[in-house]
Amino acid sequence: MTGETQNRNREKVLSIKDLSVNFKTENGLVQALRRVSIDIPPKQIVGLVGESGCGKSTVINSILRLLSNNAEIIQGSIHLQNKNILMMTSTQLRAIRGKRISVIFQDPMTSLNPALSIGRQMTDIQYRDQINQVAKRQRAIDMLTRVGIPDAEKRLKSYPHQFSGGMRQRIAIAMALIMEPDLLIADEPTTALDATLQIQIIELLKTLQKEFRCSVLFVSHHLGLVADFCDQVVVMYAGEVVESGNVRDIFHRAAHPYTKRLLECDPARIKTKTRVLPTIPGYIPDLVNLSDDCIFKDRCHVKDNKCPLTVAPLTELTPGHFVQCHLSQEGENL
Ligand SMILES: Nc1ncnc2c1ncn2[C@@H]1O[C@H](COP(=O)(O)OP(=O)(O)OP(=O)(O)O)[C@@H](O)[C@H]1O
Ligand SMILES: [Mg+2]
């Protein structure tokens, strides 16, 4: 690695560069990610948004090296500080999972074992630490208390099914943070919860992120939560990053036609009374047969005759605000 690359990586907890991932299927190669680059700076919350199927979970599974067997990483790197996760051995991966990078999913049962008590799981996860069982148990109690589990000491004996959905997600958060990771990945952590619980969980994550000083990669379809919770936002469309910037750039100065349409379709932002929720006309393109030009051109309301000819590079409009659209790069007000 060159000195310059090392310096750049030092300012980031995680840096994804030019990542392309295909899935082999009976119908051909699904080009799920194409040249995706995402930087996660220290102590920042980065939101990852985009319609269903645009590649958010594939990004996360690539970071965690949990891609399915039919996946093929075509190119790119994922640096955790100065180490490329894509080059790590399984021993090196085990050393970082749960310790330097941890994850919470939409369904907390994905990270909790239904057959073991919460106390057992919370102490087992500390297996790398050279402290005695009493200290591990105490740490588990403290962590459960911090995430708002009442009477945590008594509840250590309980099993996951003995908690409500919201409480289970709190426990999953406690498990994810107990080893004080550098990066917490949250893939739609509140989608299965009702509106009040969603806000409670986000408030909890906000508080804990400040206390633990970790970075967060937050995937959500709920743009209101992203606006409220995140510092930076990355917008993906059909396997590509089409725009990224700080939360104000994206929510107040969106430059890509897709980001604009996505915001217009957000129920929380619709000002006129309507019984029909707006949607972006058309569908995500078939990721098997892709052309090399603008990925959004078939659904774009402002495209011109240059669009099918040009793949605009991701270009910095203002410091930190990147967009992949030649029209917005030319200063058009879309
Ligand atoms: N194992 C797989 N085999 C084949 N195609 C896959 C596989 N996993 C994902 N895909 C495809 O890759 C694309 C990206 O999927 P991904 O799950 O990353 O999207 P997503 O943005 O997380 O969607 P959602 O918001 O619905 O969770 C989709 O076209 C999906 O069908
Ligand atoms: Mg997903």
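Counting starts at 1 for both ligands and their atoms, following the listed order.
The nearest protein atom to atom 29 (O) of ligand 1, hydrogens excluded, is given as Leu287 CD1, 3.5 Å; this is a heavy-atom distance. The protein non-hydrogen atom at the shortest distance from atom 12 (O) of ligand 1 is Ala32 CB, 3.5 Å. Of the protein's heavy atoms, Asn70 ND2, 3.0 Å lies nearest to atom 3 (N) of ligand 1. Protein heavy atom at the shortest distance from atom 26 (O) of ligand 1 is Ser52 OG, 2.4 Å. Taking atom 6 (C) of ligand 1 as the reference point, the nearest protein heavy-atom neighbour is Phe23 CD1, 3.4 Å. Looking from atom 17 (O) of ligand 1 to the surrounding protein, the closest heavy atom is Ser57 CB, 3.8 Å. Distance from atom 15 (O) of ligand 1 to its nearest protein heavy atom, with residue and atom name: Thr58 OG1, 3.8 Å.
Comparing Glu188, Met236, Gln106 against atom 27 (O) of ligand 1, the shortest heavy-atom distance belongs to Glu188.
By the 4.0 Å N-to-carboxylate-O rule, Lys56 lies too far from Glu188 to be salt-bridged with it.
Distances from ligand 1 to the non-hydrogen atoms of Cys54 include at least one value under 4.0 Å.
Residues Phe212 and Leu205 fall within the same hydrophobic cluster, defined by Ile, Leu, Val, Met, Phe, Trp and Tyr side chains chained together at heavy-atom separations under 4.5 Å. Val323 and Val233 are not part of a single hydrophobic cluster, where members link through side-chain heavy atoms under 4.5 Å apart.
For the Mg ion (ligand 2), the count of nearby protein N, O or S atoms, meaning those under 2.8 Å away, is 1.
Donor-acceptor pairing under 3.5 Å is recorded for the side chains of Tyr237 and Arg299. Side-chain polar atoms of Asn84 and Ser77 form no donor-acceptor pair below 3.5 angstrom. For the residue pair Glu240/Gln324, the side-chain donor-acceptor check at 3.5 Å is satisfied. Side-chain contact, Asp194 with Gln198: no donor N or O sits under 3.5 Å from an acceptor N or O. With 3.5 Å as the limit, one finds a donor-acceptor pair spanning the side chains of Arg100 and Gln81.
Using cut-offs of 30° and 60° for the angle between ring planes, the Tyr258 and His256 rings count as perpendicular.
The atoms of ligand 1 that sit less than 4.0 Å from any heavy atom of His221 are 25 (O). Near Thr25, meaning under 4.0 Å from one of its heavy atoms, ligand 1 places the atoms 4 (C). Near Ser68, meaning under 4.0 Å from one of its heavy atoms, ligand 1 places the atoms 1 (N).
In terms of polar-atom proximity, defined here as any N/O pair under 3.5 Å, Gly53 does make such a contact with ligand 1.
Glu153 is linked by a salt bridge (Lys or Arg N to Asp or Glu O under 4.0 Å) to Arg137, counting only residues two or more places apart in sequence or in another chain.
Contact record, Gln75 with Asp18: NE2-O, 3.0 Å, taken as the closest heavy-atom pair.
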